[in-house]
Amino acid sequence: MIKKIIAVWGSNGSGKSCTSLAIGNMLTHYKKNVLIINTSTSIPHLPVFIPSLIDTSAENSVGSLLSEKNITEEKLKNKINIHPHNKMIGIMALTSGENPFTYGEFERSNILEFFRLIDDSPFDYIIFDCESNPIYDTTTLIALELSDVRLELITPDIKGAEFLKTQTSYLKQEKKYSYEEYIKIISPLRKDSPLSLINSLIDGYDYTIPLSKEANNAFSAGAMPSSFSQREGILYLKSINKIVKEQILIE
């Protein structure tokens, strides 16, 4: 069975959105269609993923869809924005200027119907770029509950370790979040990161993603993190590819 739904979650500054796009782009190299979803109301992400859409209206927003009383397949299709630099990637997120008061809290029943529809969609993989604090975000909680693969990004510092202690105490209490199955990823790893200290604080990790200025610059410009010349950029792509092959492209 192909692992179709992927949740990318972790501490602030760990590069969740950049990693989500990098994984999505890497999957397209294996001829897979990918839908990336971000439902953050604190930072609308549609112009983050696609800067040219900074002036779009609610017609392009996943927020207006999740606030609908009757979510249909046709309505869902109309909220998918194809990435201009990779036609195999669709993006769903809130638009510029939207905030927590624009739509209010999304109802659980709507979110579950949304999940049902995207699970039946023609996309090979669905990537949820999750909120850092899941306790106050129902969509993130449901994504962590229903995803086939859960990637947990942790910054290699005391702040990242403390984040882990605080947030996972809740997730560990509920079996439906399957916290023991999370893939722990140190990100972004710097040359001076106290890796041994962090390793002892978080009880081990599975992968590291190195800091790459090329990756950050590409993401900031709305480009695809796909072809780098500097050593850190090459190692970054190798790390992403390793995660994709070992954790996602398996049956």
> Out of curiosity, does Met92 fall in the hydrophobic cluster containing Tyr103 (side-chain heavy atoms, cut-off under 4.5 Å, transitive links)?
Replying inline: yes

>> How close do Ser147 and Ala7 get, counting heavy atoms only, and between which atoms?
In response: OG-CB, 3.4 Å

>> Could you check, using the six-membered ring where one of them is a Trp, whether Phe128 and Phe115 have ring centers closer than 6.0 angstrom?
In response: yes

>> What's the separation between atom OG in Ser200 and atom CG in Leu195, rounded to the nearest 0.5 Å?
In response: 10.0 Å

> When you look at CD1 of Ile135, are more than 12 heavy atoms from neighbouring residues, nucleotides or ligands closer to it than 6.0 Å?
Replying inline: yes

> If you round to the nearest 0.5 Å, how far is CD of Glu152 from CZ of Phe163?
Replying inline: 7.5 Å

> Can you find a pair of side-chain heavy atoms, one from Ile37 and one from Asp129, that are under 4.5 Å apart?
Replying inline: no

> Between Tyr179 and Trp9, does the ring centre distance come in under 6.0 Å?
Replying inline: no

> Should Glu131 and Thr140 be marked as a side-chain hydrogen bond (donor to acceptor under 3.5 Å, both in side chains) after you check the CA-CA gap, both sets of side-chain angles, and the distance that decides it?
Replying inline: CA-CA 6 Å; Glu131 283 272 31; Thr140 289; over 6 Å; no

> Is a side-chain donor-acceptor pair under 3.5 Å present for Ser132 with Lys16?
Replying inline: yes

> Around Lys242, counting heavy atoms of other residues, nucleotides and ligands shown, do more than 12 lie under 6.0 Å from its NZ?
Replying inline: no

> What distance separates Lys77 NZ from Leu65 CG, expressed to the nearest 0.5 Å?
Replying inline: 13.5 Å

> Any donor and acceptor pair, going by atom type alone, linking the side chain of Ser187 with main-chain N or O of Ser14 inside 3.5 Å?
Replying inline: yes

>> Is it the case that atom CD in Glu68 sees more than 12 heavy atoms from other parts of the structure closer than 6.0 Å?
In response: yes

> Around Glu59, counting heavy atoms of other residues, nucleotides and ligands shown, do more than 12 lie under 6.0 Å from its CD?
Replying inline: no

> So which heavy atom on Thr56 is nearest to which on Leu53, and how close?
Replying inline: OG1-O, 2.8 Å

>> Quick check: closest heavy atoms across Gly97 and Pro44, and the distance to 0.1 Å?
In response: N-CG, 4.2 Å

> What are the two closest non-hydrogen atoms of Val48 and Phe219, and how far apart are they?
Replying inline: CG1-CZ, 3.6 Å

>> A quick test of your reading: do over 12 heavy atoms of other residues, nucleotides or ligands sit less than 6.0 Å from CD of Glu246?
In response: yes

> Are the side chain of Ser40 and the backbone of Ile43 linked by a donor-acceptor contact shorter than 3.5 Å?
Replying inline: yes

> Looking only at heavy atoms, which two atoms of Tyr205 and Asn199 are closest? And how far apart?
Replying inline: CD2-OD1, 3.5 Å

> What is the minimum heavy-atom distance between Val244 and Ile23, and which atoms define it?
Replying inline: CG2-CG2, 4.0 Å

> Any side-chain donor paired with an acceptor under 3.5 Å for Lys79 and Ser64?
Replying inline: yes

> Does any donor atom in the side chain of Asp157 or Thr155 lie under 3.5 Å from an acceptor atom in the other side chain?
Replying inline: yes

> Does the side-chain hydrogen bond (donor to acceptor under 3.5 Å, both in side chains) test come out yes or no for Thr41 and Asn99, once each step is laid out?
Replying inline: CA-CA 5 Å; Thr41 56; Asn99 57 63; over 6 Å; no

>> How long is the straight-line distance from CD1 of Ile89 back to CG of Leu35, given to the nearest 0.5 Å?
In response: 10.0 Å

> Taking side chain as C-beta onward, heavy atoms only, is Thr208 less than 4.5 Å from Ile185?
Replying inline: no

> Does CD belonging to Glu174 count more than 12 external heavy atoms closer than 6.0 Å?
Replying inline: yes

> Would you say Asn216 and Leu211 make side-chain contact, with heavy atoms under 4.5 Å?
Replying inline: yes

>> Would you say that more than 12 heavy atoms from the other residues, nucleotides or ligands in this model lie under 6.0 Å from the CG of Asp203, or not?
In response: no

> Is Lys213 atom NZ crowded by more than 12 heavy atoms from other residues, nucleotides or ligands, each under 6.0 Å away?
Replying inline: no

>> Keeping Ser193 on the side-chain end and Arg190 on the backbone end, is there a donor-acceptor pair under 3.5 Å?
In response: yes

> Any luck finding a side-chain donor-acceptor pair between Tyr170 and Asn133 under 3.5 Å?
Replying inline: no

> Going from CD1 on Ile91 to CD1 on Ile80, what distance comes out if it is rounded to the nearest 0.5 angstrom?
Replying inline: 10.5 Å

> Distance from Met88 atom CE to His83 atom NE2, nearest 0.5 Å?
Replying inline: 14.0 Å

>> Using side-chain hydrogen bond (donor to acceptor under 3.5 Å, both in side chains), reason through Ser212 and Gln230 one step at a time and then give a plain yes or no.
In response: CA-CA 9 Å; Ser212 167; Gln230 297 177 6; over 6 Å; no

> Would you say the side-chain atoms of Lys4 pair up with the backbone N or O of Asp119, donor to acceptor, closer than 3.5 Å?
Replying inline: yes

>> Hydrophobic clustering (ILVMFWY, side-chain heavy atoms < 4.5 Å, transitive) - are Tyr177 and Leu112 grouped together?
In response: no

> For Leu151 and Tyr207, what are the C-alpha separation, side-chain angles and deciding distance, and is it a side-chain contact (heavy atoms from CB on, under 4.5 Å)?
Replying inline: CA-CA 10 Å; Leu151 305 178; Tyr207 298 94; over 6 Å; no

>> Can you confirm whether the side chains of Thr95 and Asn60 place a donor and an acceptor under 3.5 Å from each other?
In response: no

